[in-house]
Amino acid sequence: MEIVTSWMERGLEQGRQEGLVHERKLVLHLLLKRLGNPDAAAESQIENLSADRLEQLGEALLDFNSLADLHAWLQPHC
């Protein structure tokens with residue numbers, strides 16, 4: 001039974017990680033469409049955001065008008 005539980009936990013964790021990768025790709029794609037290419041520093045900060053922060057960024061980017069808005073949002077959240 002312990003082996004099955006361990007296997008299931010690893011599968012769930014892998015699924016969470018894959019979901020986070022897809023969420024990051026979506027947020028980066030939306031930023032690209034809305035503001036243009038974020039610089040490497042901003043992209044790196046986005047890559048390191050937790051799932052909760054990434055979701056917050058996804059909502060916040062709807063109000064961004066420039067990459068400066070992105071940088072201003074990232075400063076207190078990273």
For [X], which residues count as a side-chain contact (heavy atoms from CB on, under 4.5 Å) partner, sequence neighbours excluded?
X	value
A60	F64, W73
L32	N37
S66	A68, D69

Fill in: Side chain R34, main chain L62, donor-acceptor under 3.5 Å
yes

Worksheet item: G58 and V27: which non-hydrogen atoms are nearest, and at how many Å?
Response: CA-CG2, 4.2 Å

Response to the item:
Looking only at heavy atoms, the pair that brings L67 and G36 closest together is CD2-O, 4.3 Å

Does [X] have any side-chain hydrogen bond (donor to acceptor under 3.5 Å, both in side chains) partners at least two apart in sequence or in another chain, and if so, which?
X	result
Q14	E18
H77	none
R53	Q56
E43	none

Fill in: Student check: side-chain heavy atoms of L70 and L57 closer than 4.5 Å
yes

Solution key, residues 19-26 side-chain donor-acceptor pairs under 3.5 Å, sequence neighbours excluded:
unit_1 : atom_1 : unit_2 : atom_2 : d
R24    : NE     : I46    : O      : 3.4
R24    : NE     : E47    : O      : 2.9
R24    : NH2    : E47    : O      : 3.0
R24    : NH2    : L49    : O      : 2.7

Worksheet item: When rounded to the nearest 0.5 angstrom, what distance separates CG in D39 from CD in Q45?
Response: 8.0 Å

